[in-house]
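Take a look at the structure set out below.
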Amino acid sequence: MIAEAGHYALVLALGLALIQSIVPLIGARLRDDALMNVARSTALAQLLFVGASFVALVMLHVNSDFSVANVYENSHSMKPLLYKITGVWGNHEGSMLLWVSILALFGGLVAAFGNNLPLSLRAHVLAVQAWIASAFYLFILVTSNPFLRIANPPIEGRDLNPVLQDIGLAVHPPMLYLGYVGFSISFSFAIAALMEGRIDAAWARWVRPWTLVAWIFLTLGIAMGSYWAYYELGWGGWWFWDPVENASLMPWLAGTALLHSALVMEKRNALKVWTILLSILSFSLSLLGTFLVRSGVITSVHAFATDPTRGVFILLILCLFIGGSLSLFAGRATSLKQGGLFAPISREGALVLNNLLLTVACAVVLFGTLYPLAMEMLADFKMSVGAPFYNLTFAPLFALLLLAVPFGPMLAWKRGDLLGVTQRLLAAGIAGLVAVAIAWGWASGGATLAPLAIGLGVFVIAGAVTDLVERTGFVRLPFATVLHRARGLPRSAWGTAFAHAGLGVALIGIVCETTWNSEYIATMKQNEVAHIAGYDVKLDGLFQRQGPNYREMIAEFNVSRDGEALSVMTPSKRSFTTRGSSTTEAALLTRGASQLYISLGDATAEGAIAVRIYHKPLVLLIWWGPVLMALGGVLSLSDRRLRVGAPKPARAKQRLQPAE
Amino acid sequence: MTLWFVFALMTVAAIFAVLLPLGRSGRTRDQGSEVAVYKDQLAEIERDLATGLIAAPEAEAARVEISRRLLAASESSSELESDLRPNLKWRRAAAVLALVGLPIVAIGVYMPLGSPQLQDFPLAQRERGAGSGMARSLENLVVQVEQHLEKNPTDGRGWNVLAPVLQRLGRFDDAVRAYRNSLTYNGENAERRSDLGEAISAAAGGVVTAEAKIEFERAHALDADDPKANYFLGLAAEQDGRKDDAANIWRALLAKAPADAPWRPLVQSSLARVGGGGTMPALSDETVAASKDMAEGDRNAMVRGMVERLATRLKQNGDDVEGWLRLVRAYLVMGDRDKAMGASTDARQAVAKDAERLRLLNEGLKTLGLDG
């Protein structure tokens, strides 16, 4: 009964979504408030039913009800409870159900907390949300239904892909989906604005926080995914420029641009049309990501199953929404009221530069992702676009962006003074140059560009600090006043500083890891000692152990430095009988921000084992950076004040001219 | 029946969600407007000014800008907000849509997809042994043994029991694994080696692969008289096209065999085939036992089916040089030279892009006597 009730709840959600996509629009046209308000109650009811459906699927997985095909294919009665739950979205059908559940959650939130929105805007937004929802409900019900039953239920399930049996699965997909789907809100707002033909201050006031929420989750989701790949796949790599990773990076780049342009729009009423376009692009790229990952066009750990009908269906959704929204944009954008004006050198100008660099970077990634696919399909020619391509294209763009980052927050709104800002950033610049010199002197070998990149990272961090120092008057004023001003400083200013500093932190981590990591790959026998980066790693022995649904071979290593014992590391290889496959569990030893990483290869007949040991200096900074960015986002989000950008007054001779 | 009652309740709740706002036509003014935002912004500037976050001239400039926008907004909004027009006709239409359309869509979509007649079947219920008569079937016993072995993988006796059952059920890949485990935990002997080899060749569709042959050779080294190892080594020789070798091995086997050995007829017929140019690669006695009640024609069909499956798999994934060679060899053994030629052409096309694979393939085909 749980299975069928969950199934029926999903069908009812489809019915409600269909009503929600039509009735409020008619209401908005006729200006009937009751019809417009239907959007609100149906959105909440939809959330209720999809939520029930999702809970039903979770219960089926927890109860190991193998009369449901989805549970049979992806669960096992002896799996630990956590993985029974996470296994719900560790497969195609379940993950799509999670996708629509989050979509319904966002729709429900707009319905519940959208009191301060104009009635017709809310009706339009929820109707657009319902179009997206209807398309995906249909997709789930027709091509990937998680509630299909097996008449003669097998006694045992086929287990979850062992690589996914990890705590990462509990965090990474929900975070990422909250990010992906969160952009649907700004998309719906953009389409609603285009349909209404007007875009006002209430619009911007609403879009920025939603975009920020999506961006925070996407940032954390990507970082978590990267860390997961780092410790689970056993190669110590954290980013592979794999199409699936790019699929999440592209919405992030577009979303970051959107975040900044929405800020300009809220504070200064400018860049309206551009913000709308970015909203459409961010969500379109999220859909593209869903398509790339879910259609089976790309085979990777993410492609749980491949089925051509699914691919065609998602492609259809993709064309419908991206094509439809872009043509609507082309047709209606000109009718929108243009907003405020600004000088090229101003805070707005800096944000436009940020937007340009981010969108070009995004286009580069898009090209690198789709070009090989197109070549394979059209010319039947397999190729891969990897790190060298991105190092040549993406890296310089980002370097330029990072160089500009400290300038942005220090420029005044409307018209800025570049020379003045440069003078104020002098200290940060010097800090960066000192870092370059130190890195150059200290490092032996490695890429020549590495010290420069470290200097850039330090410059970005120092720039963020300078901004805070300037605003609080840290050096000029007495300490008590500084404290008072720091407390009075809007949390959004702190957020900006944290997020920008996070970029610098991540950059330093990336450069240190890629330039100065050292590795030791060999076959080791018992009591053999490996020397790497000053550590002595001794293999103590190999043991077998039985886990709940796997058997594992553990190697025990004693790690010491200068004769002083530090820790015992126990990497292992797990073999899962049901799927007949195995995973490597790397062991990590964290020292400060650096890590020692041991991963096992195959054992030889003589009791020796292939071992990969890496020393990764400052590797953790790569993920602390994004966490810092997300923290900045949360700070900014918690700032409930309105955003007003006070313009710098024009000089006397310009005062008579109209400001906008 | 309870299920339908639950469905009905859920449907009613969904319809109610649509009808609720339609019934309430109040002048609910719970909506924001552009004007409100600008007023808030003006208040915000005053607060920023008071806390000293912005200087007085900047505050003044901002105030001027926002006031200008406020004026423009209040003009346009007064015409927009004032004219809410209740439309009873359309409200009724929406209510009908909810009352009739929603149940029709729900039932129309659910009926073809759902299985309302099926009960839930969670683990707890299954362990009580409830449910249909399937609880004690052979397959369930196998699953129970498998679960036991999952927890106690070093139980060699368990693997020993399980392996032949899996082989008989046709789960050859699992049988291979079970035999391997049996070898690991029970120790090596000729019988286990040759059983493993047999499972490997059964998984390969009846072809004695190089991997299987190694196992038979090991078994032979452990016990030169092991009948299964000898039989399959002969079969390997036959499939490699060395018919005389095959005949010699089998003749030696028969000479040493006790008169009442159950496998005597099989070896004899194989020997006859090599001598008289038979057409089929023989199956092992185990597999034959599994298909005992099949007619001769069915058995041939079974072998053909295995070869057919291999061919389909290769059509989908042509990278497997070893697989292609196996297929070509199978056709040759079945006496179908045309198909063998066709398969080798297909194979060359499939791996043409990879020079290393192509070289392996050509070498393999040469040893099969098919370099053309």
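Labels below follow one simple rule: chain letters A, B, ... track the order of the sequence lines, proteins then strands, and each chain is numbered from 1.
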Q. Can you name the salt bridge (charged side-chain N to carboxylate O under 4.0 Å, His left out) partners of B/Asp120, sequence neighbours left out?
A.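 Once residues adjacent in sequence are excluded, the partners of B/Asp120 under the salt bridge (charged side-chain N to carboxylate O under 4.0 Å, His left out) criterion are A/Arg149.
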Q. Quick one: salt bridge (charged side-chain N to carboxylate O under 4.0 Å, His left out) partners of B/Arg63, sequence neighbours excluded?
A.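 Salt bridge (charged side-chain N to carboxylate O under 4.0 Å, His left out) list for B/Arg63, sorted by chain: B/Glu46, B/Glu60.
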Measure across [X] and [Y] and return the closest heavy-atom pair with its distance rounded to 0.1 Å.
{"X": "B/Gln147", "Y": "A/Ser77", "value": "NE2-OG, 3.9 Å"}
{"X": "A/Ile19", "Y": "B/Ala98", "value": "CD1-CA, 4.0 Å"}
{"X": "A/Ser67", "Y": "B/Gln119", "value": "OG-O, 4.0 Å"}
{"X": "A/Phe49", "Y": "B/Met10", "value": "CZ-O, 3.4 Å"}

Chain B heavy atoms under 4.5 Å from [X]: which part of the residue, side chain, backbone, both or neither?
{"X": "A/Phe147", "result": "neither"}
{"X": "A/Met36", "result": "side chain"}
{"X": "A/Ile26", "result": "side chain"}
{"X": "A/Val38", "result": "both"}
{"X": "A/Leu14", "result": "side chain"}
{"X": "A/Ala9", "result": "both"}
{"X": "A/Leu148", "result": "side chain"}
{"X": "A/Leu489", "result": "both"}

Q. Between B/Trp90 and A/Leu35, is any pair of side-chain heavy atoms under 4.5 Å apart?
A.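 Answer yes - side chains close enough.
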With rounding to the nearest 0.5 angstrom, report the [atom1] to [atom2] distance, [X] to [Y].
{"X": "B/Leu113", "Y": "A/His7", "atom1": "CG", "atom2": "NE2", "answer": "4.5 Å"}
{"X": "B/Trp4", "Y": "A/Glu4", "atom1": "CH2", "atom2": "CD", "answer": "9.0 Å"}
{"X": "A/Gln544", "Y": "B/Thr154", "atom1": "CD", "atom2": "OG1", "answer": "10.0 Å"}

Q | Donor-acceptor contact below 3.5 Å, side chain A/Ser41 vs main chain B/Ala17 | A |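 Yes; at least one donor-acceptor contact below 3.5 Å.
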Q | Under 3.5 Å donor-acceptor, A/Asp32 side chain and B/Pro86 backbone | A |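 Side chain of A/Asp32 to backbone of B/Pro86, a donor-acceptor pair under 3.5 Å: no, none is there.
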Q. Under 30°, 30 to 60°, or over 60°: which ring-plane class applies to A/Tyr8 and B/Tyr110, parallel, tilted or perpendicular?
A.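 Perpendicular: the ring planes of A/Tyr8 and B/Tyr110 meet at over 60°.
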Q.
Taking every non-hydrogen pair under 4.5 Å, which of B/Val18, B/Leu102, B/Leu118 racks up the most with chain A?
A.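 Of the options given, most contacts go to B/Leu118.
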Q) Can you tell which of B/Ile66, B/Leu97, B/Val6, B/Thr11 has the highest number of heavy-atom pairs within less than 4.5 Å of chain A? A)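 Most pairs with chain A among the choices: B/Thr11.
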Q) Measuring heavy-atom distances to chain A, does B/Leu20 have an atom under 4.5 Å in its side chain, in its backbone, in both, or in neither? A)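 For B/Leu20, neither part sits under 4.5 Å from chain A.
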Q) Quick one: what part of B/Leu3 sits under 4.5 Å from any heavy atom of chain A, side chain, backbone, both or neither? A)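 Contact with chain A involves both backbone and side-chain atoms of B/Leu3.
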